[in-house]
Amino acid sequence: MRIRGGSGFVGRELTHLLRSKGHEVTVISRQPGPGKITWSDLKSKGLPPCEGAVNLSGENLMNPLRWWNESYKKDLFSSRIDTTKALSEAIAAAACPPHCWVLVSGVACYKPSLTAEYTEDSEWTPFDFLSKLVKEWEAAALLPQSVAKTTRQVIVRPGAVLGRDGGAMKQMLLPFWLGLGGTLGSGRQPFPWIHVSDLAGIIAHALEAPVDSAALPPPQVYNGVAPALNTNYEFTKELGRLMRRPTIFPVPAFAMNALIGSERAVILTEGQRVVPQRTLESGFQYQYPDLTSALKQILGS
């Protein structure tokens, strides 16, 4: 398996899972090292023979050290689209392309709503900065028809990724430990989430699925979210309950807009009810299908 972004939060979890299943994993990285190939190697020598390829790369959208400006937005696009295009082109040019090519994008393609439910079959069109990013990102992953006949194309769209060592929880825990936790915006907005172990599991599940070359569909989409449909209020209250901390300090939407920029704050102050219909139909078994089990594992309680 070849993984771009393998040293990140999700990449580490996926690498560990795949190796535990007996797969050999190579990470595509800026720096050389054991179990790695560099981007210059990929460009000069092409993609080495492999069963599957995964792209997890991208500048951290919620990086607290980056101010929301045109430079940052440009980096968000280039770090996702350029790497995706480089990998898809390498796959297309390979003498022996992988059986499966997985892109991990996001649920920002679905328009925020308090009532609408989105499955993998829901149609959508770009409506803001982040949805345009997802549109171009997923388009960059498309393979030529000649290669798509033998390489299964998969897109996994995760919600907020929860885990002990990174992701959304990393910035949430300190305020909650200090008793400063609270809902974001109205709190009524849907909060699509997934435990990092389950996201890694969905990717591995897609990589290991048998290839039916006679019936390969266009990119197969899996919503990488837990089957529980929670709101920000429910998430906040459950986290506070398990941590035995009050959750009485709501953060108004206008404050979030001022702190991190309105185009980025929408991820936290608005949300989508995303249903993992095809993920469940594929036979994938969640380890953490509900908030209580996921948060207990993360908190070690």
Side-chain angles (χ1 to χ4, degrees), residues 8-9 58-81 104-118 122 124-138 157-163 166-194 223-225 229-240 243 245-274 291:
F9 173 49
E59 169 80 20
N60 180 6
L61 182 60
M62 302 304 293
N63 186 345
L65 303 179
R66 294 291 301 271
W67 184 248
W68 190 256
N69 54 30
E70 292 305 314
S71 174
Y72 184 30
K73 289 192 278 188
K74 184 178 179 181
D75 287 346
L76 289 173
F77 262 79
S78 62
S79 64
R80 287 161 170 77
I81 294 166
V104 181
S105 58
V107 296
C109 58
Y110 305 123
K111 195 169 187 177
S113 171
L114 295 178
T115 56
E117 288 190 0
Y118 298 101
S122 297
W124 62 278
T125 55
F127 57 90
D128 65 358
F129 171 80
L130 293 175
S131 59
K132 290 174 185 174
L133 172 56
V134 174
K135 188 73 171 180
E136 292 191 32
W137 194 3
E138 294 183 357
R157 295 176 181 153
V161 184
L162 309 182
M169 294 298 298
K170 194 171 185 179
Q171 296 171 35
M172 291 181 192
L173 289 180
L174 180 58
F176 274 83
W177 279 123
L178 296 175
L180 301 175
T183 55
L184 302 178
S186 70
R188 295 186 299 123
Q189 70 272 26
F191 181 70
W193 62 272
I194 189 167
N223 282 335
V225 297
L229 299 179
N230 298 111
T231 63
N232 175 263
Y233 176 86
E234 291 167 340
F235 171 81
T236 300
K237 293 304 176 183
E238 185 62 8
L239 181 57
M243 295 179 70
R245 294 292 190 276
T247 53
I248 57 175
F249 294 97
V251 183
F254 73 84
M256 295 297 299
N257 293 342
L259 283 170
I260 63 174
S262 59
E263 290 179 305
R264 179 164 52 167
V266 69
I267 299 172
L268 303 175
T269 59
E270 300 183 24
Q272 313 89 339
R273 293 173 62 84
V274 183
L291 267 178

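The closest side-chain heavy-atom distance from T183 to T247 is not below 4.5 Å. Between L239 and R245 the shortest side-chain heavy-atom distance does not fall below 4.5 Å. Between L76 and W137, every side-chain heavy-atom pair lies at or beyond the 4.5 Å cut-off. Between F9 and K170 the shortest side-chain heavy-atom distance does not fall below 4.5 Å. Side-chain contact check for P190 versus N230: every heavy-atom pair is 4.5 Å or farther apart. Two residues are said to be in side-chain contact when any heavy atoms from C-beta on lie closer than 4.5 Å; V107 and V225 meet this criterion. Put simply, the side chain of K73 reaches to within 4.5 Å of the side chain of E263, judged on heavy atoms. Considering only heavy atoms from C-beta on, K111 stays 4.5 Å or farther from Q272 through its side chain.
Scanning all heavy atoms of the two residues, the minimum distance from M256 to V251 falls at SD-CG1, 3.5 Å. Closest of all the heavy-atom pairs between L229 and E234 is O-OE1, 3.9 Å. Nearest heavy-atom pair, W68 versus L61, reported as atom, atom and distance to 0.1 Å: CZ3-CD1, 4.1 Å. Across all their heavy atoms, G182 and F176 have their closest contact at N-CZ, 4.1 Å. Shown here for E138 and S105, the closest heavy-atom pair between the two residues is OE2-OG, 2.8 Å. When all heavy atoms of A108 and S131 are compared, the pair lying nearest together is O-CB, 3.6 Å.
Note that CD of E238 is 6.5 Å distant from CG of L291, once rounded to the nearest 0.5 Å. Atom CD1 of I260 is separated from atom CG of N63 by 11.5 Å, given to the nearest 0.5 angstrom. In this structure, OH on Y72 lies 12.0 Å from CH2 on W67, to the nearest 0.5 angstrom. Atom CD of E117 and atom CZ of R273 lie 4.5 Å apart (nearest 0.5 Å). Here the straight-line distance linking atom OG1 of T269 with atom CG of N232 works out to 9.5 Å at 0.5 Å rounding. Taking CZ of F235 as the start and CG of L184 as the end, the distance is 9.0 Å to the nearest 0.5 Å.
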### Task
Could you check L180 against F249 for side-chain contact (heavy atoms from CB on, under 4.5 Å), going step by step and ending with a plain yes or no?
CA-CA 6 Å; L180 301 175; F249 294 97; 4.1 Å; yes

### Query
Can you list the steps and then say if M243 with W177 is a side-chain contact (heavy atoms from CB on, under 4.5 Å)?
CA-CA 7 Å; M243 295 179 70; W177 279 123; 3.2 Å; yes

### Task
Applying side-chain contact (heavy atoms from CB on, under 4.5 Å), run through L130 and V266 and close with a yes or a no.
CA-CA 9 Å; L130 293 175; V266 69; 4.1 Å; yes

### Task
Given salt bridge (Lys or Arg N to Asp or Glu O under 4.0 Å), test D75 with R66 step by step and report yes or no.
CA-CA 11 Å; D75 287 346; R66 294 291 301 271; 2.9 Å; yes

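With sequence neighbours left out, the ring pair (Phe, Tyr, Trp, His ring centres under 6.0 Å) criterion links F77 to F129.
For the residue pair R157 and Y110, a side-chain donor N or O sits within less than 3.5 Å of a side-chain acceptor on the partner.
Proximity of a side-chain donor or acceptor of Q189 to a complementary backbone N or O of G187 within less than 3.5 Å is detected. E136 places no side-chain N or O within 3.5 Å of a backbone atom of L133 that could act as its donor or acceptor partner.
Taking the ring axis of W124 as reference, the NZ or CZ atom of K135 stays within 45° of it and closer than 6.0 Å to the ring centre.
No more than 12 heavy atoms of other residues, nucleotides or ligands shown are found within 6.0 angstrom of NZ on K132.
Ion pair E59/R80 not flagged as a salt bridge, since none of the NZ, NE, NH1 or NH2 atoms sits closer than 4.0 Å to an Asp/Glu carboxylate oxygen.
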